[in-house]
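Following: one structure in structure tokens, then a few remarks.
Please read all numbers here as calculations on a predicted model, not as lab measurements. As a basis for the values below, the full set of heavy atoms in this structure was taken, side chains included, without hydrogen atoms, waters or symmetry mates. Counting starts at 1 for both ligands and their atoms, in listed order.
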Amino acid sequence: MNRYVTYLIMGPPGSGKGTQGKALGSIPRFFHCACGDVFRALDTRTPLGQKFIEYSSRGELVPDDLTVELWHQSIDGQVVGTRFKPDIDALVLDGIPRNLNQAILMRDLIEVKQVFHLSCADRGELVRRLRKRALKDNRLDDASETVIQQRLKTYEDETQPVLKYFDGIVTSIDAMQPPIKVMHDIVEAIWSKRDGSLSFSA
Ligand code: ADP
């Protein structure tokens, strides 16, 4: 099986991965998949739905094998439903892989072209954004200060090493810039480093 041509958007909770992923996914020939959205779409009465509630409410990662399997099933469903056409579309992933083991488990499934690291040194600003989101989007995991702090710690301990793993294809972008400038930087990097494996015509 051919691996999916993929762009990864990485960054701490609150850095704007979802916003940027969604915007990029609205451009023809890009398909966006946010792992958190795949989890939130689960029926919470199922065993996997319960696992998601259990881990996310503590600010922890759901176990890797379950996560990668769920993500794989979801992407397969998008291919079958022809929303994602891997022969002509590039995949934009946010929220996965989220630790080294997931990156290794996904090695045979995705061909990572570039990684966009939405960086933000200001923890206070991230916390402010998450609090705002808790009110707007009814996100349980954004509502408690302890959970927010745990999610930031999980990011530093588990997700940051993934950036090292992709060393050489990582572009760091200042996540404190206005969303349109962050988008501009991402699109510019994609365009300037494009190669023959991508089709940009709608
Ligand atoms: P954020 O990027 O703001 O942390 P997400 O919507 O990406 O939020 O994820 C919410 C929660 O879903 C995470 O805290 C975690 O519990 C679970 N989750 C999402 N993606 C993964 C993943 N790749 N591996 C394990 N757990 C995940």
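For Asp167, the side chain to side chain contact (heavy atoms under 4.5 Å, CB included) criterion is met by no residue, not counting sequence neighbours.
The pair Arg123-Glu156 counts as a salt bridge, with a side-chain nitrogen and a carboxylate oxygen less than 4.0 angstrom apart. Checked for salt-bridge contact, Lys85 and Asp87 miss the test: no charged N lies under 4.0 Å from a carboxylate O. Using a cut-off of 4.0 Å between Lys/Arg side-chain N and Asp/Glu carboxylate O, Arg131 and Glu145 are scored as salt-bridged.
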Write none if no such pair exists; otherwise list each N/O atom of ligand 1 with its protein N/O partner under 3.5 Å and the distance.
from     : atom 1 : to     : atom 2 : distance (Å)
ligand 1 : 2 (O)  : Lys17  : NZ     : 2.8
ligand 1 : 2 (O)  : Arg98  : NH2    : 3.3
ligand 1 : 3 (O)  : Arg133 : NH2    : 2.7
ligand 1 : 3 (O)  : Arg151 : NH2    : 2.7
ligand 1 : 4 (O)  : Arg98  : NH2    : 2.8
ligand 1 : 4 (O)  : Arg151 : NH2    : 3.1
ligand 1 : 6 (O)  : Arg40  : NH1    : 2.9
ligand 1 : 6 (O)  : Arg40  : NH2    : 2.8
ligand 1 : 6 (O)  : Arg139 : NH1    : 3.4
ligand 1 : 7 (O)  : Arg98  : NH1    : 3.0
ligand 1 : 7 (O)  : Arg98  : NH2    : 3.4
ligand 1 : 8 (O)  : Arg139 : NH2    : 3.1
ligand 1 : 16 (O) : Glu60  : O      : 2.6
ligand 1 : 20 (N) : Gly95  : O      : 3.4
ligand 1 : 20 (N) : Arg98  : NH1    : 3.3
ligand 1 : 23 (N) : Gly95  : O      : 2.8
ligand 1 : 23 (N) : Gln102 : OE1    : 3.0
ligand 1 : 24 (N) : Gln102 : NE2    : 2.8
ligand 1 : 26 (N) : Val62  : N      : 3.0

Donor-acceptor contacts, no H, no angles, side chain residues 180-190, under 3.5 Å, sequence neighbours left out:
from   : atom 1 : to     : atom 2 : distance (Å)
Lys181 : NZ     : Asp185 : OD1    : 2.8
Lys181 : NZ     : Asp185 : OD2    : 3.3
Asp185 : OD2    : Gln177 : NE2    : 3.0

Show every donor-acceptor pair shorter than 3.5 Å between a side-chain atom in residues 101-110 and any protein atom, with sequence neighbours excluded, or say none if there are none.
from   : atom 1 : to    : atom 2 : distance (Å)
Asn101 : ND2    : Asp64 : OD2    : 2.9
Gln102 : OE1    : Arg98 : N      : 2.8
Gln102 : NE2    : Asp64 : OD1    : 3.1

